[in-house]
Amino acid sequence: LIAKGYKVAICEQVEDPAKAKGLVKRDIIRVVTPGTVIESSMLAEDKNNYLCSVYTKRTRGRWKAGICFADISTGEAYATELNAEKIGGAIITELCRYMPSEILICPAMLDFKDVTAYIKQHTNALVELREDACFKDSVMEATMANQFGPDWRGALGYEKDALVPYAVAAMINYLHETQKHGVERIKTVQNYADAQYMRLSPVTRANLELTETMRGREKRGTLLWVLDKTETSMGKRLLRSWIEQPLVDAEAINRRLSAVQALYTANMARADLKEALSHVFDIERLTTRILYGSATPREVKALGDTCAMLPEVRSQAAACGAPLLKDLADQIDPLEDILNKITTALVDD
């Protein structure tokens, strides 16, 4: 049903049948939509599943837009302000960069016929029209303060007239409506500037066959297929996002290339790192399922097994000597406290 673009409401008993008088109270505990899936059986491990929110407004005779993309299954969220001459084209560029499976739009978006035509013809996304009330100043301010704290503007770096907070707030409210809980997984929103990544039109992306071929629309034969030797699901998703969003900042590119060079020359360390990573499970999605209370004991154990490998991953990455790898190794928390909790709580068999 989800793959066909429907929403599915999950209804459960919400009180103990033994204590209930008459009929047991039932309620909708969650609404599953294409953009809010967290079940591993319904998600491709090698790509993110984005929910998108767009807010457009005309100021001083020009259209501007705030656009936000969040993957509920991993807790990542990205946003940017669009201020181009042709705002419709700019929105399409962002949509084909992230390829969301569900898009929340404000009523003003219906006037952008080029965008609505693109969504209809080139994506399988479910479009959800949110009424103007969802984008009111008071609603936005309250939602952002609840989610990110009273100093959310300072913490996330938004100007007074920014449009992104309206898109983010509408998305968070939609998640509260559909998911009921677990929305605290989205801790922050990463702002990216349009200038940070190369702008590739949908036609260019298709012709370059970055992640799918033109003829069969499959991975085999694409640039991603050639390069993807990753050991973990998280690595698969990250590599895909790097290919879909090429960097344009020379310094960032060189830092990345120096790290690749260091790994390429350190054969032994690379083999050990590869071996350690092969025992690392999908921490991002496991954490989300634990937070939503839908993880199985086996998934909790997988998280424990991953924690046990982190010191090894950390030391091997640091040993390669590149500044970027050393920085990344320093950021790895070995999570010993969580590992202890899991090992004391679970019996292996």
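Nothing fancy with the numbering, it's 1 onward along the sequence.
- Legend: ring-ring contact (aromatic ring centres under 6.0 Å, His included) pairs involving residues 125-151, not counting sequence neighbours, sorted by first then second residue: Tyr55-Phe135.
- Listed by chain and number, the residues in a ring pair (Phe, Tyr, Trp, His ring centres under 6.0 Å) with His176 amount to none (sequence neighbours excluded).
- Side-chain contact check for Arg199 versus Thr204: every heavy-atom pair is 4.5 Å or farther apart.
- In plain terms, the two heavy atoms of Val280 and Ala276 that are nearest each other are CG2-O, 3.7 Å.
- At most 12 heavy atoms of other shown residues, nucleotides or ligands fall within 6.0 angstrom of atom CD in Glu251.
- For the pair Lys219 and Asp228, the salt-bridge criterion is met [side-chain N within less than 4.0 Å of a carboxylate O].
- Note that the NZ atom of Lys57 and the SG atom of Cys106 stand 11.0 Å from one another [nearest 0.5 Å].
- Atom CG of Leu286 is separated from atom CE of Met234 by 8.5 Å, given to the nearest 0.5 angstrom.
- Of the charged side-chain nitrogens involved, none lies within less than 4.0 Å of a carboxylate oxygen, so that Lys86 and Asp114 do not count as a salt-bridged pair.
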What pairs of donor and acceptor atoms, side-chain ones from residues 11-26 against any protein atom, are under 3.5 angstrom apart with sequence neighbours left out?
{"residue": "Glu15", "atom": "OE2", "partner": "Lys25", "partner atom": "N", "Å": "2.8"}
{"residue": "Asp16", "atom": "OD1", "partner": "Ala18", "partner atom": "N", "Å": "3.0"}
{"residue": "Arg26", "atom": "NH1", "partner": "Val24", "partner atom": "O", "Å": "3.0"}

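- The residues Asp330 and Lys326 are annotated as salt-bridged, a charged nitrogen and a carboxylate oxygen being separated by less than 4.0 angstrom.
- Taken from OH in Tyr78 to OH in Tyr98, the straight-line distance is 6.5 Å, to the nearest 0.5 Å.
- Residues Phe69 and Leu247 fall within the same hydrophobic cluster, defined by Ile, Leu, Val, Met, Phe, Trp and Tyr side chains chained together at heavy-atom separations under 4.5 Å.
- The CD1 atom of Ile105 sits 4.5 Å away from atom CG of Leu110, with the distance rounded to the nearest 0.5 Å.
- Look at Lys47 and Glu244 and you find no salt bridge, because none of the NZ, NE, NH1 or NH2 atoms lies under 4.0 Å from a carboxylate O.
- Nearest heavy atom pair, residue Ala317 against residue Leu273, reads N-CD1, 4.2 Å.
- In this view, Tyr174 satisfies the ring pair (Phe, Tyr, Trp, His ring centres under 6.0 Å) rule with no residue, not counting sequence neighbours.
- Taking 4.0 Å as the cut-off between side-chain N and carboxylate O, Asp282 and Arg237 count as a salt-bridged pair.
- Salt bridge annotation for Glu209-Arg215: absent, with no cationic side-chain nitrogen under 4.0 angstrom from a carboxylate oxygen.
- Other members of the hydrophobic cluster containing Val226, listed by chain and number, are Trp225; membership follows side-chain contacts under 4.5 Å among ILVMFWY residues, whether direct or relayed.
- With salt bridges taken as basic N to acidic carboxylate O contacts below 4.0 Å, one links Arg30 and Glu39.
- Under the ring-ring contact (aromatic ring centres under 6.0 Å, His included) criterion, the residue pairs touching residues 274-328 are His181-Tyr292, with sequence neighbours excluded.
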